[in-house]
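Below is one structure, written out as structure tokens, with a few remarks after it.
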Amino acid sequence: MSIRVRFAPSPTGDLHVGGARTALFNWLMARKLGGTFILRVEDTDGARNTAEAAAGIIKGMRWLGLDWDEGPEAGGDCGPYFQSQRKDIYDAYFKRLEDAGRVYAEADGAMRFKFSRTAITVHDLVCGDVTFAPTEEPDMTIRRPDGSYIFHFVNVVDDIEMRMTHVLRGEDHLSNTWKHIDLFNAFGATPPTYAHIPLILNPDGSKMSKRDEGSAIEHSYMNAGFLPAAVFNYLCMLGWTPKAESEKLSREELTALFDADAIHSSNAKFDLKKALWFNAQYLRELSPEGLLENGRRFLSAAGLTWEDDAVAAAAVYSVREKVSLLTELPEWVHYFFREDYPFEADVVTKLKAKPENAGLLKAAAEQLAQAAEWTEQSVHDAVEAAAKALSVKPGAMMPLLRFALSGQSRGPGVTTIAHLIGKEKTLGRIQRALGEVMGV
RNA sequence: GACCCCUUCGUCUAGCGGUUAGGACACAUCCCUUUCACGGAUGCGACACGAGUUCGAUUCUCGUAGGGGUCGCCA
């Protein structure tokens, strides 16, 4: 029998890293075992759930590449996949409990489920067998006075109806799992195999919640310049260690390596630095076109425009090893896109520091102007020749050219910059630096 | 408070009775280098504590401490 797993978020806000990783592990398990991954929206609390939040969760999952086989937009035999649309099913199940004498009403009409009050053991892939003694807690409410049902009830009913074989969810649910099993037993159904995965904590050890930095997928990752593959990879490393040489693994490799039994049982703290490292790794592997495609929205947001995609792609590609986030791209490449780039304060200082700098720049410009062709090599040769004529090292001239051509003190190779912007702009920029900055 | 889960470098972790306790991120130094980076090398740095079992505990058991979670007409 092929497995069936699900991600069952409640749409009360953006997709959160904890939820994303839960979805990720479920997805990994389904794909590894050739099973079915279901997305079920648990929107039974009309007061807190919003359609926007549901859309946001779907958006986040699509961005991460977590496609589902059954659920919203995908359909399936067990729909609808929004709990708010499944009232008839819940009513029918509720009736069964009623017929079995397992429910009773409160004064205001709320309905409670009578616990069996026996010892209940949760068989968990991560935590092992966890036995809960007969409870002394009050019976749990499963239906509100208005007739709407509550989480524990709908969650179990749907897991039965949707024939879930495994339930991978956050460890915060472990303490309530006996209640779910009590319900499964009341329905005469076999509980799924559980795997309660450890929580993701803030660096200070507190539980990571929606407000915390790095927690919202859309805000902290999609819009912050992360690549989905990097986030996918990093999230896997929180609570699971694939048996592999490297931690940097592709979606396919992670799928092949996934093993729910190997999920850790201790919580993990979120480490932004490591997430950035993963992102930087993935950024460097992109082709010029790929990098431009991914960085396009960030360049545009910074007000940069261009005519030729090939040139823009080459520009971003030239700084691929210098950034760890796509949002850092504009500050590294803006001068490729405009002639009115600013000169940084320390650049102005350095340019004016020595009186001979102007002479060096002029000599370089003259030599560059004579270049017959315009390649990185020819630019390099021209600078070298100019330096030699003045008996200085090319190393004395290069930084000045960098300052003039970019207004910055750091960036890709000077020859790369000159080659990309072309001969005309190169000479123009040197003149601009000479005139505007150095006053000669 | 009760119950449940957890505890190896700052962080993520490997380890599954005998190891100089390994790796990754971060940090530091050096090399490379026209800058900034990348890359390479090196270094820094951990078994929470106490008993017990054992010839021998990071590893097994119990206790303590600490962290996290649950105990909703939220999910």
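From a predicted model like this one, the values you see are computed outputs, not experimental measurements. We name chains A, B, ... by the order of the sequence lines, and we start the count at 1 in each one.
A48(B) sits 12 Å from G10(B) when the P atoms are compared, rounded to a whole Å. Atom name C1', nucleotides C9(B) and U58(B): the rounded distance is 13 Å, in whole Å. Between A21(B) and U35(B), the distance separating the two C1' atoms is 41 Å to the nearest Å. Taking the P atoms as reference points, C55(B) lies 41 Å from U42(B), given to the whole Å. U29(B) sits 23 Å from G22(B) when the C1' atoms are compared, rounded to a whole Å. Taking atom P in both C32(B) and C16(B), one finds a spacing of 41 Å when rounded to whole Å. Across A51(B) and C4(B), the matching C1' atoms stand 25 Å from one another, rounded to whole Å. Going from the P atom of C47(B) to that of U11(B) covers 12 Å, rounded to whole Å.
Listed by residue number, Met237(A), Gly239(A), Thr241(A), Lys243(A) are the residues of residues 224-244 of chain A with a heavy-atom contact under 4.0 Å to RNA chain B. At a non-hydrogen distance threshold of 4.0 Å, Glu321(A), Lys322(A) from residues 312-323 of chain A come into contact with RNA chain B. Residues from residues 6-20 of chain A that place a heavy atom under 4.0 Å from any atom of RNA chain B, listed by number: Ser10(A). Across residues 273-280 of chain A, Lys273(A), Lys274(A), Trp277(A) each have a non-hydrogen atom less than 4.0 Å from an atom of RNA chain B (numbered order). Contacts with RNA chain B (heavy atom under 4.0 Å) in residues 350-368 of chain A: none are found.
In this structure Thr349(A) satisfies the side chain to side chain donor-acceptor pair (under 3.5 Å) test with no other residue, sequence neighbours excluded. When the ring pair (Phe, Tyr, Trp, His ring centres under 6.0 Å) test is applied to Phe226(A), the partners found at least two apart in sequence or on another chain are Tyr221(A). For Arg144(A), the side chain to side chain donor-acceptor pair (under 3.5 Å) criterion is met by Ser148(A), not counting sequence neighbours.
C71(B) has its base anti relative to the sugar, with a glycosidic angle deviating from 0 by more than 90°.
Between Arg4(A) atom CZ and Thr165(A) atom OG1 the span is 8.5 Å, to the nearest 0.5 Å.
Among the protein residues, Thr44(A) comes within range of the sugar-phosphate backbone only, with heavy atoms under 4.0 Å from sugar or phosphate atoms but none that close to a base. Within the 4.0 angstrom heavy-atom criterion, only backbone atoms of the sugar-phosphate kind lie near Gly205(A); the bases stay farther away. Asp108(A) comes within 4.0 angstrom of a nucleotide base, judged by non-hydrogen atoms across all strands. Ala110(A) comes within 4.0 angstrom of a nucleotide base, judged by non-hydrogen atoms across all strands. At a threshold of 4.0 angstrom between heavy atoms, the contacts of Pro145(A) include nucleobase atoms, whether or not backbone atoms are also involved. Here Pro412(A) lies in heavy-atom contact (under 4.0 Å) with a base. Among the heavy atoms of the strands lying under 4.0 Å from Asn176(A) is at least one base atom, whether or not backbone atoms are also near.
Tyr234(A) and Phe232(A) have their aromatic ring centers separated by at least 6.0 angstrom.
The residues Arg40(A) and Asp159(A) are annotated as salt-bridged, a charged nitrogen and a carboxylate oxygen being separated by less than 4.0 angstrom. Salt bridge Lys350(A)/Asp346(A): present, at least one basic N to carboxylate O contact under 4.0 Å.
Applying the Watson-Crick and G-U wobble criteria (two distances, each under 3.5 Å), C32(B) pairs with nothing in any strand. In this structure U70(B) sits in a base pair with A2(B), meeting the Watson-Crick or G-U test at under 3.5 Å. Across the strands present, C25(B) finds its partner in G10(B); the criterion is a Watson-Crick or G-U wobble pair with both atom distances under 3.5 angstrom. With both pairing distances under 3.5 Å, G63(B) is matched to C49(B) as a Watson-Crick or G-U wobble pair. Checking C55(B) for Watson-Crick or G-U wobble geometry (two distances, each under 3.5 Å) identifies G18(B) as its partner.
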Could you list, one pair per line, each protein nitrogen or oxygen that sits under 3.5 Å from a nitrogen or oxygen of nucleotides 59-61 of chain B, together with the distance?
none

List every contact pair, protein side and nucleotides 1-5 of chain B side both N or O, where the distance is under 3.5 Å.
from, atom 1, to, atom 2, distance (Å)
C5(B), O2', Glu171(A), OE2, 3.0

Show each protein N/O and nucleotides 40-44 of chain B N/O combination with a separation under 3.5 Å, one pair to a line.
none

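Inspection of the His264(A) and Thr241(A) side chains reveals an N or O donor paired with an N or O acceptor under 3.5 Å. Checked by atom type, the side-chain pair Asn176(A)/Lys179(A) shows a donor-acceptor distance below 3.5 Å. Side-chain polar atoms of Asp43(A) and Ser84(A) form a donor-acceptor pair below 3.5 angstrom.
In this structure, of U35(B), C71(B), C73(B), it is C73(B) that holds the atom nearest to the side chain of Glu106(A). When the nucleotides G69(B), C71(B), A75(B) are ranked by their closest atom to the side chain of Lys207(A), G69(B) comes out on top. For His152(A), the side-chain atoms get nearest to A75(B) when compared with the rest of U11(B), A75(B), G39(B). Checking A75(B), G23(B), U13(B) against every side-chain atom of Glu247(A), the shortest atom distance belongs to G23(B). With A75(B), U34(B), U13(B) as the choices, the nucleotide that has an atom nearest any side-chain atom of Ala268(A) turns out to be U13(B).
Using bins of under 30°, 30° to 60° and over 60° for the plane-to-plane angle, the ring pair Phe113(A)/Phe115(A) lands in the perpendicular bin. By the 30° and 60° cut-offs, the orientation of the rings of Phe151(A) relative to His180(A) is perpendicular. Aromatic ring orientation, Phe25(A) versus Phe258(A): tilted (interplanar angle from 30° to 60°).
With the nearest nucleotide of RNA chain B identified for both Val126(A) and Pro203(A), Val126(A) has the one nearer the 5' end.
Here His264(A) does not reach the OP1 or OP2 of C6(B): none of its side-chain N or O atoms lies under 4.0 Å away. Within the structure, every side-chain polar atom (N or O) of Arg169(A) is placed at least 4.0 Å from both OP1 and OP2 of A75(B). Between Arg144(A) and the phosphate of C74(B), there is a side-chain N or O to OP1/OP2 separation shorter than 4.0 Å.
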Criterion side chain to side chain contact (heavy atoms under 4.5 Å, CB included) on Ile200(A) and Phe270(A), from CA distance to verdict: CA-CA 6 Å; Ile200(A) 297 177; Phe270(A) 178 79; 4.0 Å; yes
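In the displayed structure, Glu339(A) atom CD is contacted under 6.0 Å by more than 12 heavy atoms of other residues, nucleotides or ligands. Residue Lys59(A) places its NZ atom among 12 or fewer non-hydrogen atoms of other residues, nucleotides or ligands, all under 6.0 Å distant.
Every pair passing side chain to side chain donor-acceptor pair (under 3.5 Å) that includes a residue from residues 270-284 of chain A is listed here, sequence neighbours excluded: Asn233(A)-Tyr282(A), Glu247(A)-Lys274(A).
Tyr341(A) carries Arg432(A) over the face of its six-membered ring, with the cationic atom under 6.0 Å from the centre and within 45° of the normal.
Put simply, the residue from Leu283(A), Leu329(A), Leu326(A), Leu286(A) that forms a side chain to side chain contact (heavy atoms under 4.5 Å, CB included) with Val316(A) is Leu329(A).
By the 4.5 Å heavy-atom criterion applied to side chains, Asn26(A) and Phe37(A) are counted as neighbours.
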